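The sequence lines fix the lettering, A, B, ..., with proteins before strands; numbering per chain opens at 1. Note that the structure is a prediction, hence the values are computed from the model and not measured.
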Protein chains: 2
Amino acid sequence: MARNKEFDPTEKLEKARDLFWEKGYHATSMQDLVSQMQVNRGSMYDTYGDKHQLFIESLQNYAKETYAEYKQAATGEKSPFKAIELIVKKAIQRSFEEEKVCMIVKSSFEMAPLDNDVKEILKQLSNALISIFGDLIGKAQQAKEISAEKNARQSAQFIVGSFAGLWQMQALYNDRTMVEQMAKNILDSLK
Amino acid sequence: MARNKEFDPTEKLEKARDLFWEKGYHATSMQDLVSQMQVNRGSMYDTYGDKHQLFIESLQNYAKETYAEYKQAATGEKSPFKAIELIVKKAIQRSFEEEKVCMIVKSSFEMAPLDNDVKEILKQLSNALISIFGDLIGKAQQAKEISAEKNARQSAQFIVGSFAGLWQMQALYNDRTMVEQMAKNILDSLK
DNA sequence: ATATATTTAGAACGAATGTTCCAATTAGGT
DNA sequence: ACCTAATTGGAACATTCGTTCTAAATATAT
């Protein structure tokens with residue numbers, strides 16, 4: 001039939017994702033993307049569609065990779081509460097290593113008020129994380145590690161929401177001790 | 001000497017602020033601002049400087065007005081802990097009335113990674129809020145309303161950070177009950 | 001009343017925006 | 001080896017971007 005692509009679409013998508021992740025949607029130009037991805041303009045539009053679609057795919061890719069890391073951090077841990085702790089630790093570690101704050105949270109503030117399609121995706125992705133924590137909290141309650149009085153899903157929402165606080169503090173102060181202290185407070189308040 | 005301005009600079013600044021507040025910095029164009037403020041382009045540059053300076057003044061104006069409202073919500077309240085509760089309540093009420101999420105938090109995610117000047121201002125403004133809560137927490141400890149074990153400033157940082165969680169949830173789900181439940185969790189964890 | 005400094009309206013600027021198009025290239029199926 | 005369909009590089013598109021400029025209008029101080 002015809003030629004094959006010279007580039008690996010998912011590898012290049014990750015480059016786009018990293019740029020959107022760092023600068024957000026509006027501050028990232030197609031020129032920025034072309035330069036960073038090292039892919040021709042035409043090929044970009046052929047492969048990913050327009051900027052908006054590319055952003056959405058970047059977001060999905062981010063969530064997929066991030067949640068996989070979170071789950072991976074918890075596997076093998078028998079104590080559900082410790083599993084939660086491990087995920088939070090991993091999230092913080094990752095965030096400081098990448099020197100970037102969670103793309104879903106950033107996008108929630110930048111895009112949710114302006115773009116309904118993106119907002120729905122962000123809701124769905126956040127729901128997925130809430131479910132992960134909800135399950136763990138339920139199990140922790142069964143294991144009597146935390147009080148069974150509290151509603152598991154509410155606690156999960158609290159945890160996921162609290163992440164935003166961690167990231168804001170990181171974004172402003174970039175002080176890991178401070179962020180870890182906040183995380184400790186959050187985890188303590190679960191019990 | 002010469003003519004007077006036909007418009008009230010602070011009144012028009014508030015219009016700019018509302019637009020930046022809603023859409024963020026990058027998604028707001030000068031054309032948007034000219035239309036919304038009903039001020040001539042040239043007059044805008046004469047009065048406020050460029051877009052960047054106008055944004056900074058908008059941010060300062062936002063903080064001034066918001067913090068005044070917060071303090072006002074707490075005045076007359078003898079119990080320091082209840083004062084904290086009142087501020088949180090006011091913050092939530094205001095946020096749902098305006099149908100917009102805190103401009104400082106939004107800007108922290110959009111601008112802090114890209115703009116050091118804005119980041120420093122955001123830090124300073126956040127510090128001011130942390131101090132307000134730090135004072136109240138200190139007083140609440142003296143009044144034995146909350147445990148004196150915890151470091152007051154750390155708890156204040158936790159509160160201020162937790163606001164970001166409230167706003168993310170509002171931005172995504174726009175569910176007031178959910179946000180109020182989260183706020184309750186935050187306040188409970190203070191004790 | 002006149003001179004003067006400032007504001008006003010809106011045209012105009014070059015640069016950057018997202019997107020499309022086209023000719024040249026290239027690899028796969030027959 | 002040759003046709004064919006897709007990819008490639010890069011020019012080109014119309015808009016929009018933030019900003020500046022000019023000329024007319026206007027209010028103040030003398």
Side-chain angles (χ1 to χ4, degrees), chain A residues 1-59 107 110-111 113-118 121, chain B residues 1-61 107 110-111 113-118 121:
Chain A
M1 294 270 179
R3 281 171 77 177
N4 285 341
K5 274 193 206 310
E6 286 182 359
F7 64 94
D8 175 5
T10 56
E11 177 201 326
K12 294 299 187 184
L13 175 63
E14 287 171 12
K15 297 216 174 219
R17 174 204 66 190
D18 286 347
L19 207 53
F20 278 133
W21 183 4
E22 180 195 346
K23 305 177 61 168
Y25 180 77
H26 290 98
T28 304
S29 71
M30 289 304 280
Q31 185 55 54
D32 292 337
L33 291 163
V34 166
S35 305
Q36 168 104 353
M37 296 167 78
Q38 303 254 55
V39 167
N40 183 265
R41 299 183 109 76
S43 304
M44 280 198 40
Y45 279 85
D46 265 9
T47 310
Y48 306 104
D50 59 12
K51 185 189 178 188
H52 193 255
Q53 287 177 270
L54 180 55
F55 177 77
I56 287 177
E57 289 196 50
S58 297
L59 201 55
S107 304
E110 184 191 359
M111 299 296 276
L114 304 175
D115 187 320
N116 227 279
D117 292 342
V118 172
I121 290 167
Chain B
M1 293 275 175
R3 280 171 78 176
N4 285 338
K5 272 193 208 313
E6 286 182 2
F7 63 94
D8 174 7
T10 55
E11 177 202 326
K12 295 299 187 184
L13 175 63
E14 287 171 13
K15 297 216 174 221
R17 174 203 67 191
D18 287 347
L19 207 54
F20 278 132
W21 184 3
E22 181 195 343
K23 306 177 59 168
Y25 180 77
H26 290 97
T28 303
S29 71
M30 288 305 276
Q31 184 55 53
D32 291 338
L33 291 163
V34 166
S35 305
Q36 167 105 354
M37 298 167 78
Q38 303 253 54
V39 167
N40 183 265
R41 297 183 109 78
S43 304
M44 281 197 40
Y45 279 86
D46 264 9
T47 310
Y48 306 103
D50 59 12
K51 185 190 178 187
H52 192 255
Q53 288 177 272
L54 179 55
F55 177 76
I56 287 177
E57 289 196 49
S58 297
L59 201 54
Q60 309 264 30
N61 175 285
S107 304
E110 183 191 359
M111 299 295 278
L114 304 175
D115 187 320
N116 227 279
D117 292 340
V118 171
I121 290 166

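Looking only at side-chain heavy atoms (C-beta outward), A:Lys51 and A:Phe20 come within less than 4.5 Å of each other.
Between the side chains of B:Asp115 and B:His52, a donor-acceptor pair is found at a separation under 3.5 Å. If you check the side chains of B:Ser35 and B:Gln31, you find a donor sitting under 3.5 Å from an acceptor.
In this structure, A:Gln38 atom CD and D:dG9 atom P are separated by 10 Å, rounded to whole Å. Regarding A:Leu54, its CG atom lies at a distance of 10 Å from the P atom of C:dT19, rounded to whole Å. Taking atom CG on A:Asp8 and atom P on D:dT7, their separation rounds to 14 Å, with Å as the unit. D:dG9 atom P lies 9 Å from atom CZ of A:Phe7, rounded to whole Å.
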- Message: What verdict does the side-chain hydrogen bond (donor to acceptor under 3.5 Å, both in side chains) test give for B:Ser29 and B:Asp32, after you've listed the backbone C-alpha separation in whole Å, the side-chain angles of each residue and the deciding distance to 0.1 Å?
- Response: CA-CA 5 Å; B:Ser29 71; B:Asp32 291 338; 3.2 Å; yes
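Between the side chain of B:Tyr48 and the backbone N or O of B:Pro9, at least one donor-acceptor pair lies under 3.5 Å.
The neighbour count for B:Lys15 NZ, taken as heavy atoms of other residues, nucleotides or ligands under 6.0 Å away, does not exceed 12.
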- Message: Does the protein touch nucleotides 10-22 of chain D at the base, only the backbone, or not at all? Give it as B, S and - per nucleotide, heavy atoms under 4.0 Å.
- Response: BB-----SSBB--
